[in-house]
Amino acid sequence: MGLIGEILLLPLAPARGSLWVLRQVITEAERQYYDPSAIRRELSLLEERLEAGEIDEAEFERREDELLERLQHRTEQDF
């Protein structure tokens with residue numbers, strides 16, 4: 001781009017840095033959200049809540065489907 005281009009884009013440097021940080025935060029959040037061990041932990045806690053009577057079968061199935069979709073999404077991303 002050259003020196004003149006860099007000088008013209010200099011006022012945008014903070015915005016570009018902020019975008020980079022935002023991308024890093026999103027990447028890490030997605031990594032944690034789709035982490036198979038975290039999903040298995042949530043499934044286990046969900047089952048415990050069902051057995052304790054804290055949630056009903058319909059709520060259990062709804063949330064279980066959501067967690068399994070997250071797990072499947074992660075598996076598809078690995079391929």
Out of curiosity, His73 NE2 to Tyr33 OH, how far, rounded to the nearest 0.5 Å?
9.5 Å
Under the rule for side chain to side chain contact (heavy atoms under 4.5 Å, CB included), what residues qualify as partners of Leu22, not counting sequence neighbours?
Ile26
Show me the pairs that pass salt bridge (Lys or Arg N to Asp or Glu O under 4.0 Å) and involve residues 37-46, at least two apart or across chains.
Glu42-Arg70
Donor-acceptor side-chain pairing of Glu28 and Gln32 below 3.5 angstrom
yes
Rounded to the nearest 0.5 Å, how far apart are CG of Leu71 and CD1 of Ile39?
5.0 Å
Any chain of hydrophobic side-chain contacts (each under 4.5 Å) joining Trp20 to Val25?
yes
When rounded to the nearest 0.5 angstrom, what distance separates CG in Leu45 from CZ in Arg49?
9.0 Å
Working to the nearest 0.5 angstrom, can you tell me the gap between Glu47 CD and Ile55 CD1?
10.0 Å
Output the distance between atom CZ (Arg62) and atom CG (Leu46), rounded to the nearest 0.5 Å.
9.5 Å
Kindly indicate, with the supporting measurements, whether the criterion side-chain contact (heavy atoms from CB on, under 4.5 Å) is fulfilled by Val21 and Gln24.
CA-CA 5 Å; Val21 170; Gln24 299 305 311; 5.7 Å; no
To the nearest 0.5 Å, atom CD of Glu64 lies from atom CD of Glu66 at 11.0 Å
Within the 4.5 Å heavy-atom criterion, are Asp56 and Leu50 side-chain neighbours or not?
no
